[in-house]
*Asks:* 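Questions regarding the structure given below will be posed in turn.
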2 protein chains.
Amino acid sequence: MKLSDRKKKILQIVVDEYISNAQPVSSKSITQNYMRDVSSATVRSELAALEEMGYLSQLHTSSGRVPSIEAYKLYVSELMDKGKLTGKELTQIKTAFARQSGNMEEVVKNAAKVISELTDYTSIAVAAHDEDDVIEKISIFPFKEDTALLLIVTDRALIRDKFISIPTDMTEEQLESANRLVNRTFAGKRLGEAMAASLEAEEQFESYRTIFDRVIDAITDYVNDKSGGVVMAGEDKILNHPEYAEADKVKNFLSVVTSRDRIADMLTEDNDIEISIKIGGEDKNLPDDCSLVTATYSAGNVKLGTYGVIGPLRMDYQKVVSVLEGVGKILEDMVNKK
Amino acid sequence: MKLSDRKKKILQIVVDEYISNAQPVSSKSITQNYMRDVSSATVRSELAALEEMGYLSQLHTSSGRVPSIEAYKLYVSELMDKGKLTGKELTQIKTAFARQSGNMEEVVKNAAKVISELTDYTSIAVAAHDEDDVIEKISIFPFKEDTALLLIVTDRALIRDKFISIPTDMTEEQLESANRLVNRTFAGKRLGEAMAASLEAEEQFESYRTIFDRVIDAITDYVNDKSGGVVMAGEDKILNHPEYAEADKVKNFLSVVTSRDRIADMLTEDNDIEISIKIGGEDKNLPDDCSLVTATYSAGNVKLGTYGVIGPLRMDYQKVVSVLEGVGKILEDMVNKK
DNA sequence: AGTTGGCACTTAGAAGGCAAGAGTGCTGAC
DNA sequence: GTCAGCACTCTTGCCTTCTAAGTGCCAACT
């Protein structure tokens with residue numbers, strides 16, 4: 001069934017009002033503040049119709065209306081006005097990034113922090129890293145008798161430090177040449193290729209098999225460990241919102257948010273979409289009473305990472321989307337200028 | 001005033017009971033469960049005396065007694081029995097560490113996780129890193145035209161990746177030789193020395209001054225940034241405890257816990273003490289209604305890090321201390337065996 | 001002098017009743 | 001299709017009452 005323009009307008013008002021006040025919206029408040037041209041009785045019948053269609057519900061017969069999940073979905077896809085950041089907010093984003101030195105982890109942290117501050121929700125972020133990262137350099141250097149430190153640098157400037165055990169009878173010189181061989185083999189390869197490279201190159205490394213295998217192990221671990229680079233900020237922000245006034249709701253929320261695996265899963269799921277909004281049960285990892293708005297940033301063809309905000313259904317989507325867009329713009333400017 | 005043995009016993013019972021039940025303790029429950037040899041009236045008069053001395057308080061005239069901060073202090077210093085881990089708990093700690101590869105960050109994360117799981121409180125940890133870390137190797141390698149990636153490896157196996165900007169007119173060969181020079185100067189030096197080294201060595205580096213300065217900057221940043229290595233686990237555990245049933249208390253707690261600077265401050269404050277217990281306002285960063293138990297681990301002379309548990313005053317100190325001791329023991333075994 | 005049973009007293013918390021207020025649904029008139 | 005008016009429903013706050021838990025104190029006992 002198609003919604004009339006007036007129904008759409010009323011639904012938008014209800015969602016807007018509910019988002020900003022967290023209170024059921026009554027027919028009276030709609031006519032008083034937004035639609036003086038009709039009476040509350042008229043609005044009431046429209047509200048009843050919208051409820052019939054599944055967009056609204058009441059907590060009890062004599063309460064105002066509350067948007068349903070369906071209403072939020074419609075709201076973000078059709079009804080919502082486009083938000084705009086104030087100059088002050090833009091400056092805040094810029095200064096957040098100005099401080100940092102270019103360390104990728106720091107960029108992600110700063111982004112998460114500023115997003116959380118501007119939106120007043122918990123923000124989560126993960127730097128992109130996957131099989132397409134290209135290996136630039138590998139260093140192995142001896143640390144203790146039978147241990148060496150392995151560093152892998154990729155084009156996204158992410159570095160992993162792993163300790164690997166090395167045969168005790170290996171001399172420094174042998175290690176050095178293993179190092180060179182490993183670099184020769186892997187440098188320039190994508191991580192995915194490197195993982196598969198083991199068999200082909202095997203013969204060349206007769207005496208350095210162990211080292212070679214450890215490198216592959218480390219790369220494999222890295223590719224598989226999506227949750228490693230997850231960063232969060234404003235974990236306590238959720239408590240600023242009245243739907244989380246009860247401790248057990250908070251608990252539920254926090255237990256999801258603190259599980260990095262679940263977060264990583266959600267953030268890496270469909271990261272080809274620029275801005276994605278998931279409401280309620282739209283993601284298996286997302287609790288029914290939460291929404292997740294994510295943005296994936298790229299510079300040219302290179303994905304930089306996915307950033308997002310997790311919060312109540314009654315989220316200020318308009319604000320969140322504009323903050324994420326603002327951050328994306330500034331982030332991309334920054335990367336391109338470099 | 002000196003406490004009689006019976007008063008001590010009663011105080012211990014009250015604290016133990018309150019820790020396990022979170023309910024004010026009545027004279028009746030004391031006589032029924034712990035002291036059948038005296039009547040409740042007798043215990044009542046003892047309780048009144050303990051209250052007079054400031055160890056106990058009541059929420060209202062007809063409620064049982066609740067320990068004061070003073071009582072907790074006395075409890076941990078004199079009254080508390082020594083806890084002992086079960087075999088199962090020990091195994092759990094061991095397996096938590098067995099998985100990991102030796103990456104220092106991972107060790108810290110695993111430790112934080114297992115501590116939180118075993119104690120059911122939020123745990124915090126920071127890998128030790130300070131001016132005494134010895135630089136093992138520095139690598140600078142070009143990343144984009146005017147940017148290079150700087151890696152500093154110290155004896156604690158902590159690695160920092162920082163981007164530094166380099167003069168655009170520098171050739172790869174020049175960078176390579178700057179790299180060698182930097183290594184020659186800094187390798188083997190403590191970070192503190194390295195920071196101060198700038199003036200002495202200046203002349204040698206006429207043409208590589210910029211690089212040299214950047215390295216010093218990076219080292220200085222690293223030494224000053226205590227909060228960088230803070231790790232947390234079980235942030236949601238706090239909600240398992242009834243004193244945090246109200247959302248605003250949770251908020252207060254979380255806002256402290258999520259501030260890495262404050263956490264880092266507390267953890268690095270007096271890290272020469274093996275096990276330290278701070279109750280209520282005993283640390284300026286600690287909320288009045290929280291306690292912090294920390295342990296600093298070392299292998300030989302080298303500090304490995306400080307691990308701790310933050311939770312309500314009504315914390316199971318006995319359990320927490322034994323878990324921290326257990327983790328310490330296993331951690332030290334592990335490091336020594338290597 | 002310390003211990004104890006007995007008893008009056010205090011308080012929190014649960015349960016019930018009542019009135020006010022907010023909001024709806026419906027109806028009949030325009 | 002719109003709307004004023006009215007009956008109806010439900011929540012919320014407030015008051016009262018009642019009960020249970022626990023204490024403090026006192027007089028009697030060892």
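Each chain gets a letter, A, B and so on, in the order its sequence line appears, and its residues count up from 1.
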*Asks:* Detail all sub-3.5 Å separations between protein N/O atoms and N/O atoms belonging to nucleotides 3-10 of chain C.
*Replies:*
residue	atom	partner	partner atom	Å
C/dT3	OP1	B/Arg6	NH1	3.0
C/dT3	OP2	B/Arg6	NH2	3.0
C/dT4	OP2	B/Ser39	N	2.9
C/dT4	OP2	B/Thr42	OG1	2.5
C/dG6	O6	B/Arg44	NH2	3.3
C/dT10	O3'	B/Thr61	OG1	3.1
C/dT10	O2	B/Ser62	OG	3.1

*Asks:* Crowded around B/Lys28 NZ? As in, over 12 foreign heavy atoms under 6.0 Å?
*Replies:*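 Check fails, neighbour count at 12 or below.
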*Asks:* Using whole Å, report how far CD of A/Glu51 lies from P of C/dC26.
*Replies:*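 Checked: the CD to P distance equals 11 Å.
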*Asks:* Rounded to whole Å, please give me the gap between CG in B/Leu56 and P in D/dG22.
*Replies:* 15 Å
*Asks:* Output the rounded distance in Å from NZ (A/Lys28) to C1' (C/dG25).
*Replies:*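 In whole Å, C/dG25 C1' lies 17 Å from A/Lys28 NZ.
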*Asks:* Quick one about A/Glu89 and A/Thr86 (side-chain donor to acceptor, distance below 3.5 Å, no hydrogens or angles considered), yes or no?
*Replies:* yes
*Asks:* Measure from the side chain of A/Ser26, starting at C-beta and using heavy atoms only, and say which of D/dG22, C/dG23, D/dG24 lies closest.
*Replies:* C/dG23
*Asks:* Could you check if a side-chain atom of A/Thr294 sits within less than 4.5 angstrom of a side-chain atom of A/Val309, using non-hydrogen atoms only?
*Replies:*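 No, every pair of side-chain atoms sits at 4.5 Å or beyond.
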*Asks:* Whole angstrom is fine here: how far is it from NZ in A/Lys7 over to C1' in D/dG1?
*Replies:* 11 Å
*Asks:* Expressed in angstrom and rounded to an integer, what is the separation of B/Ile30 atom CD1 from D/dA21 atom P?
*Replies:*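 Taking CD1 of B/Ile30 and P of D/dA21, I get 17 Å after rounding.
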*Asks:* Counting N and O atoms only, with roles assigned by atom type, does the side chain of B/Glu246 sit under 3.5 Å from a partner on the main chain of B/Lys249, one being a donor and the other an acceptor?
*Replies:*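 Here the side-chain-to-backbone pair does not exist.
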*Asks:* Once you round it to whole Å, what is the distance between P of D/dA20 and CD of B/Gln23?
*Replies:*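 It works out to 18 Å between those atoms.
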*Asks:* Are any side-chain N or O atoms of B/His241 and backbone N or O atoms of B/Asp120, one a donor and one an acceptor, separated by less than 3.5 Å?
*Replies:*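 Pair found, side chain donor or acceptor close to backbone of B/Asp120.
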*Asks:* Any chance you could measure A/Asp265, atom CG, to A/Arg260, atom CZ, to the nearest 0.5 Å?
*Replies:*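 Result: 14.5 Å between the selected atoms.
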*Asks:* Can you measure B/Gln58 atom CD to C/dA12 atom C1' for me and round it to whole angstrom units?
*Replies:* 13 Å
*Asks:* For B/Leu50 and D/dG24, what is the distance between atoms CG and C1' respectively, to the nearest whole Å?
*Replies:* 16 Å
